[in-house]
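Have a look at this one before I ask anything.
Numbers here simply count residues along the sequence, with the first being 1.
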Amino acid sequence: MPTLDSRMAEATLRSMIDKHLTGRLHPGENGVRWMHAQGIAVLVDLDAYKRSWQAPAQNELLDCLGGSGQLPEAVQRAALFFAGADGNGHNREWALERMPALPGYLTLVSALLRCNDWVARVRLVAQRVAESLLPRCSSAEVLAAWPLVVRLGNAKRVDAQWLRDTFCGWLSAPAQQGILDAMLDHDDARLRLGAYEVALATHPDRVEIRARALRDSDPRIARIGFQSLVERGDDADVEAQCRLALTACSGRVRTMALRALVAREPGDVGALIENAAFDRARAVRRLAAYLLRQRQATPAIELWRTALAQRAPGRWRQALEALADHAEAEDVAGLRTLHAEVSARHQRNCVRGWMRGEGGASLALLRVALESQGHALDRLLATARPHWAGELDAERLMSFCHDGPSPVAQAGLLRLLPVLPRWQHLELLLAAVPQGADERAWLQRLADNWLQASLGYVPLFTSRRQSLLDTLEQGRHHLPLPAATQVLALLRKT
């Protein structure tokens, strides 16, 4: 039965713990219970926060723990967690020495944190304590603390060999298969990766483990699953699991699986390669196109054209992406027609293919493409500047305000024009001759756009500078007077 002294000590410890958690607890909330419910990220943050305090020679938590009788273990674990984060190395070591008697989530986390301590002696004690706690904690506690083991893999002060031997060795034991299986389904991809590395080497049902790895959403896991298949898989399993790998989330794994299957020459290898030509990953499609050429089969570009023309379900979108990378001049008309029928995402691919088929972006393409919005499209058109810029003269620039393009396209052109060389852009504006109120308003927008984009130094040769100054000073332009004044002032300072 708890004595009066132990009840007072418990109340004192709880008060100290709540004080350390100031700002984190709601009024009336139990600090000890709150700490046991927190994940690794919060506890790491608490540890770093506590270590930022000044380090006195004595620690009041340890004094209270050492001078009391029996206390609830949950309270002791919470107190030891904070004592283990003390700024004084002697206090941290003393707290660690008490932890083996109180195995649990908080003490295991604290010991793991101290395995990366900046004091070598504390690190050694922490390693010994972690080794002691690991087999004595419950499966749920180990699983909850394991993300910290993963983090220690990148810590410079942690002995990588000790970490591997201690934790991977413990996880490899048949008795820990239940924990290992739970880790294979964990939300943390880095944790799953480490678990799969162990399972692929030690699990009794490695065929199923490889299949699970190949289906995993993380490409690193799918990759080690495929490597295990190639290096250790039985011949009877390799072909079946390579077919499974063709549906893996990782494009690299799908590429490797296709190569492996083609090397084995199954009866349906032609169909497998044709299906791969419509893969969502560019690398897989390119490999399939190469394999089709090697086998003198129907060229991939013909397959893509057919699928696109027929709007083949499940294939035409991939065909459009592929054709955008490989389009030829004969594809331009079809892509231009398709551009008006598809969503903005697919319009970008139409524009890419159109540009590839034309060998650049003509002004006609530019006018159509700017009806869509998006940074990706703007970057694409900016890279094609030499082609459309060569066709864009002052007359065509003025016609942009009334001859077809919508306000969306006009705004897109204003975003795009600053990719022109600054002084070429200005000469284009000075040559413009607006013919009506709409063109004068458009020229005002163009001039304001140029001024907003004219930040920073751009070299200007003396002869070109003088030509621009003469044009402005002699009034041989149609820029609005306020804009012309600002341009002239900027030129005089250049």
Side-chain angles (χ1 to χ4, degrees), residues 2-56 58-117 122 125-126 128-130 132-134 136-149 151-152:
T3 65
L4 179 61
D5 287 344
S6 66
R7 286 198 297 269
M8 291 179 60
E10 179 185 346
T12 302
L13 271 179
R14 287 185 181 274
S15 176
M16 291 178 184
I17 291 166
D18 289 349
K19 182 179 177 182
H20 285 301
L21 297 174
T22 300
R24 296 176 185 266
L25 298 178
H26 296 295
E29 190 170 9
N30 186 314
V32 172
R33 188 178 300 121
W34 183 90
M35 285 188 66
H36 281 82
Q38 300 310 304
I40 290 298
V42 174
L43 295 179
V44 170
D45 184 53
L46 275 176
D47 176 80
Y49 175 68
K50 179 67 170 65
R51 284 191 288 106
S52 68
W53 294 5
Q54 205 169 22
Q58 299 297 319
N59 183 293
E60 56 184 4
L61 287 165
L62 293 177
D63 292 342
C64 190
L65 281 168
S68 63
Q70 290 187 340
L71 290 169
E73 290 188 354
V75 176
Q76 293 187 66
R77 292 190 194 101
L80 285 174
F81 177 88
F82 280 119
D86 192 86
N88 186 301
H90 295 292
N91 291 337
R92 295 197 303 277
E93 182 181 351
W94 194 92
L96 284 166
E97 295 285 5
R98 296 200 55 164
M99 289 182 188
L102 295 160
Y105 172 58
L106 288 181
T107 48
L108 179 58
V109 168
S110 181
L112 290 172
L113 286 168
R114 299 282 67 80
C115 287
N116 191 33
D117 199 275
V122 176
V125 174
R128 188 179 72 247
V129 172
S132 170
L133 290 172
L134 186 61
R136 297 162 58 210
C137 290
S138 70
S139 298
E141 290 167 339
V142 172
L143 191 59
W146 203 267
L148 196 52
V149 176
R151 290 179 56 156
L152 290 176

Test side-chain contact (heavy atoms from CB on, under 4.5 Å) applied to R136 - qualifying residues, sequence neighbours left out: P100, P103, S132

Considering all heavy atoms, the nearest R77-G104 contact: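 Residues R77 and G104, closest heavy atoms: NE-CA, 3.8 Å.
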
Y105 side chain near I40 side chain, heavy-atom distance below 4.5 Å: yes

V32 versus N30, closest heavy-atom pair with distance: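 V32 and N30 have their closest heavy atoms at N-OD1, 3.0 Å.
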
Nearest heavy-atom neighbours spanning T107 and L102: OG1-O, 2.8 Å

Residues in side-chain contact (heavy atoms from CB on, under 4.5 Å) contact with L21, at least two apart in sequence or another chain: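 Result, side-chain contact (heavy atoms from CB on, under 4.5 Å) vs L21: I17, R24, L25, W34, M35, L46, F82.
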
Contact summary for M99 and G84, nearest pair of heavy atoms: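 In terms of heavy atoms, the two residues are closest at CE-CA, 4.5 Å.
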
Interatomic distance, D117 atom CG to E93 atom CD [nearest 0.5 angstrom]: 10.0 Å

Stepwise side-chain contact (heavy atoms from CB on, under 4.5 Å) check, V44 with R151: CA-CA 11 Å; V44 170; R151 290 179 56 156; 3.7 Å; yes

Which atom of C137 lies closest to which atom of V142, heavy atoms considered: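 Taking every non-hydrogen atom into account, CB-CG2, 3.9 Å.
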
For A126, side-chain contact (heavy atoms from CB on, under 4.5 Å) partners two or more places apart: L96, R114, C115

H36, NE2: over 12 other non-hydrogen atoms inside 6.0 angstrom: yes

Distance (rounded to the nearest 0.5 Å) between T12 OG1 and M8 CE: 6.0 Å

Donor-acceptor pair, side chain of Q76 and main chain of L71, under 3.5 angstrom: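 Checked: pair present.
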
From E97 atom CD to L80 atom CG, the distance as rounded to the nearest 0.5 Å: 11.5 Å

Derivation and outcome, side-chain contact (heavy atoms from CB on, under 4.5 Å), residues L43 and L106: CA-CA 9 Å; L43 295 179; L106 288 181; 3.9 Å; yes

Nearest non-hydrogen partners of A145 and L108, listed with the distance: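 Closest approach of A145 to L108, heavy atoms only: CB-CD2, 3.8 Å.
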
Exam field: side chain R92 to backbone A83, donor-acceptor pair closer than 3.5 Å: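 No; zero donor-acceptor contacts below 3.5 Å.
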
